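Written below as C-alpha cells is the structure these notes are about.
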Amino acid sequence: MTSSSQQRIVIVGNGMVGHHFVEQLINSQHDCHITVLSGEGRLAYDRVYLSSYFAGKTAEDLAMTTPETYQEWGVDARVNARVSDIDRTAKVVTLESGETFEYDKLVLATGSYPFVPPIPGNDQPHCLVYRTIEDLEAISASSAQSKVGVVVGGGLLGLEAANALKQAGLETHVVEFAPQLMAVQLDLMGGDQLRTKIEDLGVQVHTQKATQEIVAGEHCRYRMNFSDGSFLETDLILFSAGIRPSDQLGRSSELAMGERGGIVINNQCQTSDPDIYAIGECALWDNRIYGLVAPGYAMARAAVANLTGGEGEFAGADMSTKLKLMGVEVGSIGDAHAKTPGALVYTYHNQPDGIYKKLVVDPSKTHVIGAVLVGDTSDYDTLLQYALNEIAVPEAPESLILPSAGEAPTLGADALGDAATICSCYNVSKGDIIDAIDGGCCSVGDVKGATSASTGCGGCAALLKNVVDSELEKRGVEVSKAICEHFNYTRQELYHLIQVEGIKSFNELLEKHGTGMGCDICKPAAGSIFASVWNDYILQQQHQPLQDTNDTYLGNMQKDGTYSIVPRVAGGEITPDKLILLGEVAKQYNLYTKITGGQRIDLFGARVEQLPAIWEALVAGGFETGHAYAKALRTVKSCVGSTWCRYGVQDSVTMAIDLENRYKGLRAPHKIKFAVSGCTRECAEAQGKDIGVIATENGWNLYVCGNGGMKPRHADLFATDLDDETLVKYIDRVLMFYTKTADRLQRTSVWMENLEGGLEYLQQVVIEDSLGIGDELEAQMQLITDTYQCEWKTTIESPEALKRFRQFVNSDATDSNIQFVTERDQIRPATKAEKFSGEKAIPVEIV
Amino acid sequence: MQAQESYTPQWHDVCHEDDLVTNSGVCALIGEEQVAIFRIVNGEGTQYFAISNWDPIGEANVLYRGIVGSLGGKTVVASPLYKEHYELATGTCLERDDVSVNAYPVRVDAQRVLIEL
C-alpha cells in the first residue's frame, strides 16, 4: 500500500538489469513503493544462457523471478505493460492501455533491440532475430521446416546464435562483414584460430561478406547475394549484427540523447532529468553503450545507491569476458587489441592444438593491460586478477601464458589484496568474502549464498574456492575429507590402499587403517572397492556383511520390504520367448510389472524367500542379473540404428549390446548408465548419460559424464569419429579412472564438475595418457570383464548363500505385514488403512 | 499385548548358532513377534543382540537386513529403508528421540540360540 509519505519508484523494463535494480532496492530496505512495468509478456529471465533453451532448458528454467516473489516483496509488477508516454512535468507515465502511474523517481531499463541491417528482403518469414524467448520459439519453429541456417554477424552473440542453430540440427553458416570473428574481443590471429576451431565443428564461416539482397533460392528457401558476386542458399536467416538501445521513451520525453542513440547518463546514472535514471543497454555513459550484463548490474547498483542516499557511482566497467562458444574456450581481457600507446605484446600460438594466447603489457612491462585467449582459457582468471588489481607481473611476463609444464606462476588467493574483485558479475571483493567467512560461512556454498559471488557467469568459481579454502585454512578450519568416523581417508585413498597393499577383506582393512567396527557408510564403500579391484563374488562370507540390503539380496528393496527384480536385457533387445518367460514368471508369482526407463522390465513384489525360485526360472530361460540393485553398470539404452531405421548411420544395437556385455558387473562409486544412438537425431538420449555414444558417418562420437535425474547435466563431447576399438579403449580408461578417483556415491557428472582441470584434464589422461596409467586402467577393466559372473547364477548354485533368502530362521511362515490389493489388474502394496480393514487385502499366496 | 500385566517372559529356543550370520542379522518368529538377531564378532569377542524386526519409521519388517557397525562406541544396525541407526543393546533410535524398538535378552546355550520374550 502506498502511504502519502512513501517515495514512488517506477521502473520501466524488467530485463536482467531492471530486475537487478529491483533486487538491490529491496535489499537496501529503502522505504518506497515499487512499480515494475514490463513490456514483455513475462518477468525477467536469464538472457546470458538463452542458447541453453535449445539444450532443453525451458522458460521456467531461465526465469530469474516469479510474480509470487515480487508480490512477497511488495512490488507491483505488470507484464505486457508498454509505456507510451512520460509526462515529466506532472511526473506521470502512461501505458498504451491508458493506465497511468505517478512517480517520484523513474528508472528506464528498457534494454536494446537487435539491429537488422537494411538489406532488401530482410522482412520475409524465416528471417529472425535472437534476443527473447519468443524469438527462440520462432527459431525453433522455423528450424523444424529448415535444413540450412545462416547467422548474419560473427560477434559473440552471433556465434551463440549459430550454436543454437547447430543444436537445432541445421547445416549452419556464419556470415560476417569484418575480416574476422569476434572483432571486438579478439585480434586477427585469435579470430582466425577461433574460425578454424568452429569450422572443425561443422559451422561454415564466411568473412568479409556484405549481403546485398535476400531473394528466392533454388535449392533452399532463400538465396543471399553478396556484394562480391558470391551467394549462399539458406532456409533460415538469423540477424545478430549488434544491438541498438531501446531509447524511444528518452527521445519522446526530450531527455538528452547520444548522437547515435542512447539516453545520456552521468556517473549516478541520472539522465538530463535528475528524477529519471537510465540503466543497462538503453543508457549511454561516456558516449558508450555497454552490451554486457555486468556493467548493467553495476549501473543498477549505482542508481540504487544514489536513490537511497548511499555512496557509489558508475565509473565505467571492465569488458573482459570468458566464455565457451560451441565448446571452444574464448577469453578477452582489457586492451585486447593493444591500442594503448607503447603497449607491448607477447604471443603463443599452438596451431596443432588450436591454442592462441596473447598477453598485452604496459610499456614498462610491469602490468598486464590486456589478453586474448582462444582454445584454452585456463590462464584467464589469473590474468584478469593481474589486470584488474594491477599486480606486478613476474620478470618474464611470457611465463604467464607459456605452457611450461606446471611451472607457470599461479596466482594464489593470498597474493590478492582485500579490495581485489573476485566476482565481477556481482562485484564481490576478496574483502566481502572474508567478511562472509567471519560472519559464519564455512564453505563455498555458504559464501555463495551470502554474497552471490560466482552465481552469475560462474567464471570465478575456481578463484572463489581458492580464496574460501585459503581463508578457512588461516582460521584453522580443517575441512575433513574422511569417509566416516572409522577411516581417516577419502574413498580415493582407500581405493589406493586396497589396491597397492593387496587388501582383500574389510577386517584386514579395518585392522590396518581404521578404528571401531565400521558402519553403513564405509562398509558398502569398501565392498564396492573390493569388487572394483578384485571382482570377487560379493556374497562371499567375508564380503556379505558389507553389502547394502539391495546387494545382499540381489534385488531392489521396496517400501514394504519386498524386492523388485530386473533381469538384464542388453541394449534393450529381447526375444518374444524371453518376453513370454518374464510374463509367465510374473504371473506365477503374482508380481507387478512395469517397463523401466532403461529399456528393461521390472517385476515388483517378490518376498525375500521367493527370490531364489524366481531367479532359477529366469536363469534357466537364459536371463542373467541386471545389477539394478548395485552401484554398477545398469543399462546401455539404444535406438534400432541402421539395421531398421531410415536415418541410422551405424549399428547402434550391436554396439550397445557389446558395450553392455563388456562393462556389466563393473562396480563403481555410483550407478552408471550408457546409451548408444544410431545417428545425430539421438533417439537414445545419449547426451544425458554417464557414457553416451552417438553414431556419425565416420564412426562414433563419445560423450561423457551426463546425467538425467535430480540434477541433469548435458554430457561433454569427449572425442569424435572414433573407430570401435578406440571407442572401447577410451571408455575403459574413463570408467576405470572414475572408479579409482571418485568419491563415494558420486555420479560421473558431479565427479567431472569437481575434477580439477575438468574435461580437458580427463582428455589428457585418457587420450594422451598424460599420467602414464592408460595401460593399467585398461588392464584393470579387462580383469573385471574376464572375471564376470552372473551373481544370481552363482547364488542359486550355492546352498550356503541361499540360506540367507528366508524371512524366518525358525519358521516357513511369511511376513504377515506384506499385503497386496489389486489396482489396474495388478498388485500393489496395501495401504495401512487397507491392511487394518482386512477387507480388500488379499493374503499372499505361497507358491 | 493387552495381557501384559500377567505376562511372564520366557526363554524361547529359536535356532542353532550356525543359523546366525556373523556381523549381520537373521530374523526369528516368536509367536506373532518378529525378532532380529545379530552376532557381532570383533576384537572384543563375540556378542549377541536381539531387537524387534519392525522398522517403526519405514513401517516394514526389515531391520535384520540392515548393515551393522559402530557409531561413537555404540553397536548399531542401520535400517535398510531410510538408514536410521538403532542401538542393538537398547533398541534406541540415534536419530529420533521419540522412536525406539524393543530389545530382548539373548543367550547361547549348547549351540542353541535362546531369546527371552
Side-chain angles (χ1 to χ4, degrees), chain A residues 484-486 506-507 510-511 514-527 539 541-553 555-563 607-609 800-801 803-819 829 831-832 835, chain B residues 12-44 47 53-55 58-85 88 94 112-113 115:
Chain A
C484 69
E485 67 177 63
H486 305 102
F506 186 76
N507 284 345
L510 198 61
E511 223 164 83
T515 57
M517 289 170 53
C519 65
D520 55 309
I521 304 291
C522 58
K523 281 182 168 180
L539 298 187
Q541 208 190 348
Q542 78 267 31
H543 295 323
Q544 193 172 48
L546 308 181
Q547 313 299 340
D548 266 317
T549 187
N550 283 1
D551 278 306
T552 305
Y553 294 96
N556 295 50
M557 185 189 265
Q558 303 300 323
K559 61 194 282 188
D560 59 352
T562 62
Y563 290 85
R607 283 172 284 113
V608 68
E609 64 272 19
E800 193 53 37
K803 272 176 69 177
R804 293 223 69 184
F805 289 86
R806 51 184 174 177
Q807 180 76 10
F808 302 119
V809 76
N810 62 340
S811 163
D812 289 333
T814 59
D815 180 357
S816 60
N817 182 55
I818 296 174
Q819 296 176 34
T831 64
K832 221 167 162 181
K835 281 180 196 172
Chain B
H12 301 267
D13 178 332
V14 293
C15 62
H16 191 272
E17 197 188 2
D18 289 349
D19 290 327
L20 301 185
V21 185
T22 296
N23 292 332
S24 187
V26 299
C27 181
L29 186 64
I30 304 174
E32 295 279 293
E33 177 72 355
Q34 295 192 19
V35 180
I37 309 166
F38 301 87
R39 174 168 60 200
I40 307 298
V41 180
N42 59 11
E44 294 155 28
Q47 286 174 287
N53 191 40
W54 176 252
D55 174 346
E59 301 193 332
N61 288 307
V62 294
L63 287 185
Y64 81 98
R65 298 181 216 157
I67 292 180
V68 296
S70 63
L71 279 186
K74 290 175 178 163
T75 303
V76 297
V77 62
S79 161
L81 282 169
Y82 301 111
K83 316 298 176 198
E84 299 87 4
H85 297 92
L88 292 180
L94 300 194
R112 296 300 301 175
V113 179
I115 309 278

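The shown structure was predicted, so the numbers you read here are calculated from the model rather than taken from an experiment. Note: hydrogens, waters and symmetry copies are ignored here, and every other heavy atom, side chains too, is used. First the proteins, then the strands, lettered A, B, ... as listed; each starts at 1.
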Report which part of [X] has an atom under 4.5 Å of a heavy atom belonging to chain B: side chain, backbone, both, or neither.
X: Asp520(A); answer: both
X: Ile521(A); answer: neither
X: Ser811(A); answer: side chain
X: Glu511(A); answer: neither
X: Gln544(A); answer: side chain

Is it true that a side-chain atom of Arg806(A) and a backbone atom of Cys27(B) form a donor plus acceptor pair closer than 3.5 Å?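 No, Arg806(A) side chain to Cys27(B) backbone: no donor-acceptor pair under 3.5 Å.
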Test item: Asp548(A) side-chain N/O and Pro80(B) main-chain N/O as donor-acceptor pair under 3.5 Å =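 Flag not set: sc Asp548(A) to bb Pro80(B) has no pair under 3.5 Å.
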For chain A, the option from [options] that forms the most heavy-atom pairs under 4.5 Å:
options: Gly73(B), Gly69(B), Ala60(B), Ala78(B); result: Gly69(B)
options: Asp19(B), Val68(B), Val77(B); result: Asp19(B)
options: Cys15(B), Gly66(B), Gly58(B), Ala28(B); result: Ala28(B)

Original post:
Is any side-chain heavy atom of Gln807(A) less than 4.5 Å from a side-chain heavy atom of Asn61(B)?
Top reply: yes
Got a second to check how far [X]'s [atom1] is from [Y]'s [atom2], nearest 0.5 Å?
X: Lys523(A); Y: Ser24(B); atom1: NZ; atom2: OG; answer: 8.0 Å
X: Asn23(B); Y: Asn507(A); atom1: CG; atom2: CG; answer: 7.0 Å
X: Leu81(B); Y: Thr549(A); atom1: CG; atom2: OG1; answer: 8.5 Å

For residues [X] and [Y], report the shortest heavy-atom separation together with the two atoms involved.
X: Arg804(A); Y: Tyr64(B); result: NH2-O, 4.4 Å
X: Cys519(A); Y: Leu71(B); result: CB-CD2, 4.4 Å
X: Ser70(B); Y: Glu485(A); result: O-OE2, 3.9 Å

So which of Val809(A), Leu546(A), Asp560(A) has the largest heavy-atom pair count under 4.5 angstrom toward chain B?
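So the answer, after comparing Val809(A), Leu546(A), Asp560(A), is Val809(A).
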Residues passing the salt bridge (Lys or Arg N to Asp or Glu O under 4.0 Å) test with Lys559(A), sequence neighbours excluded, are none
**Prompt:** Just wondering, are more than 12 heavy atoms of other shown residues or ligands nearer than 6.0 Å to NZ in Lys83(B)?
**Reply:** yes
Against chain A, residues from residues 34-41 of chain B with at least one heavy atom under 4.5 Å, in numeric order, are Gln34(B), Ile40(B)
Which atoms of [X] are under 4.5 Å from chain A, going by heavy atoms: the side chain, the backbone, both sets, or neither?
X: Val21(B); result: side chain
X: Glu59(B); result: both
X: His85(B); result: side chain
X: Asp55(B); result: neither

